[in-house]
Amino acid sequence: MGFSTNAIHAGQKPDPTTGAVITPVYLTSTYAQEELGKNKGFEYGRKHNLTRQSLEANIAALEKGKYGVAFSSGLAAIHALMGLVRAGDHIIVSDNVYGGTYRLFQLIMKDFGLDFSWVDTSDIKNIENAVRDNTKMVFLETPSNPMLILTDLEAASRICKSHNLISVCDNTFMSPYFQNPLTLGIDIVVHSETKYINGHSDVIGGILLTDSSDIHQRLRYIQNAIGAVPSPFDCWLVLRSTKTLAVRMERHNSNAVAFAKFLNESGIARKIYYPGLTSHPQHELAKKQMRGFGGMISADLGEAELAKNLFKNVKVFTLGESLGGVESLISHPATMTHASVPKADRERMGITDGLVRFSVGIEDIEDLIADVENSIK
Ligand SMILES: *Cc1c(COP(=O)(O)O)cnc(C)c1O
């Protein structure tokens with residue numbers, strides 16, 4: 001089945017009792033058991049919920065994976081991955097990742113005896129060079145937040161296989177519509193559903209996808225044991241949203257391509273970071289492993305004052321954290337999403353005080369361009 005057909009039908013069939021076409025919200029914490037040791041496969045709400053199971057099957061189909069395990073946030077999903085390693089283990093991480101991932105690993109999990117190496121995974125040799133005897137996992141984010149740096153997933157997964165490491169890819173920026181890391185050999189895909197998958201800025205959620213039944217069984221155990229499960233209503237909202245993921249992503253992409261072209265030609269930015277521009281150093285890799293370039297663009301305006309001015313004057317764009325919703329957002333990584341990254345590390349990665357991140361929504365592109373043009377004037 002094609003992507004849109006799966007988006008609308010996978011994991012969902014009409015309700016057997018009423019024929020309701022849309023999967024109901026199963027708001028129940030427990031289930032009646034027929035007799036001791038006999039039930040319908042549902043025991044307790046943290047462990048079993050049909051709305052959640054439908055969502056997990058739905059997104060697994062979109063990521064071309066066998067199994068999905070849903071969580072109450074993207075970070076809860078990433079935290080659950082820590083159940084696959086032990087104190088004393090070493091994890092290699094892309095050095096430019098979502099700020100919350102950095103905070104979880106470096107400021108929380110490190111104190112539990114895990115060791116993290118932050119490397120520039122855009123050069124695959126750096127992964128190989130960072131491998132130690134106790135390395136267990138490689139955590140990649142591509143394209144990365146906010147610098148839109150890519151990692152060659154096929155090459156990275158080959159290195160991981162040869163060293164027997166669990167490979168993970170945070171695929172939030174691309175959504176399953178534009179990139180499927182499992183098909184490139186990656187073991188586990190992470191999504192913050194909060195972003196493109198839900199796309200309407202009204203749910204916090206996360207999910208892990210895998211093809212490995214061993215990894216799936218362990219993650220399923222962790223999901224119940226730790227308990228950071230999403231509410232049935234949130235699952236229902238995300239399930240509603242995946243139905244339009246394909247059409248939303250097409251529009252995010254065409255708007256962002258046009259918006260990046262405008263930024264490029266207007267000369268208002270010193271530097272533009274967008275994999276869809278031929279000036280992006282990894283444009284060829286983007287075309288190889290992605291089916292589109294997505295809706296995220298970063299631009300360095302040079303002066304922090306210029307960025308501040310833009311934030312103050314925009315009327316269609318909203319100044320705010322998050323991304324991937326139907327509405328366009330603008331943000332300042334240095335003081336917002338990446339504030340917990342030390343300043344020296346930020347500047348080394350290009351997250352300057354003049355860096356602005358655009359999440360290009362699905363409004364009329366003419367209005368988005370006019371908004372920024374007028375604000376700069
Ligand atoms: C937002 C985000 C997360 C965290 O997800 P939450 O749902 O906010 O917990 C992880 N990775 C990336 C790339 C994100 O953008």
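Read the numbers this way: they start at 1 and go in the same order the structure lists the ligands and their atoms. Small disclaimer: the values here were computed from a predicted structure and weren't measured.
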Q. side-chain contact (heavy atoms from CB on, under 4.5 Å) between Met349 and His338: does it pass, once the steps are laid out?
A. CA-CA 11 Å; Met349 289 186 278; His338 288 68; 5.7 Å; no
Q: May I have all residue pairs that pass ring pair (Phe, Tyr, Trp, His ring centres under 6.0 Å) and include part of residues 60-79, sequence neighbours excluded?
A: Tyr67-His216
Q. How would you list all residue pairs meeting ring pair (Phe, Tyr, Trp, His ring centres under 6.0 Å) that involve residues 151-188, not counting sequence neighbours?
A. Phe3-Tyr177
Between ligand 1 and the protein, which N/O pairs fall short of 3.5 Å?
{"unit_1": "ligand 1", "atom_1": "5 (O)", "unit_2": "Ser192", "atom_2": "OG", "d": "3.0"}
{"unit_1": "ligand 1", "atom_1": "7 (O)", "unit_2": "Gly74", "atom_2": "N", "d": "2.9"}
{"unit_1": "ligand 1", "atom_1": "7 (O)", "unit_2": "Ser192", "atom_2": "OG", "d": "2.9"}
{"unit_1": "ligand 1", "atom_1": "7 (O)", "unit_2": "Thr194", "atom_2": "OG1", "d": "2.7"}
{"unit_1": "ligand 1", "atom_1": "9 (O)", "unit_2": "Gly74", "atom_2": "N", "d": "3.0"}
{"unit_1": "ligand 1", "atom_1": "9 (O)", "unit_2": "Leu75", "atom_2": "N", "d": "2.9"}
{"unit_1": "ligand 1", "atom_1": "11 (N)", "unit_2": "Asp170", "atom_2": "OD2", "d": "2.7"}
{"unit_1": "ligand 1", "atom_1": "15 (O)", "unit_2": "Lys195", "atom_2": "NZ", "d": "2.7"}

Q) Is Arg158 salt-bridged to Glu128, cutoff N-O under 4.0 Å? A) no
(Q) Are Phe259 and Tyr274, when compared by the centres of their aromatic rings, separated by less than 6.0 Å? (A) no
Q. Hydrophobic clusters join Ile, Leu, Val, Met, Phe, Trp and Tyr when side-chain heavy atoms are under 4.5 Å apart, directly or via other members; which others share one with Val326?
A. Ile362
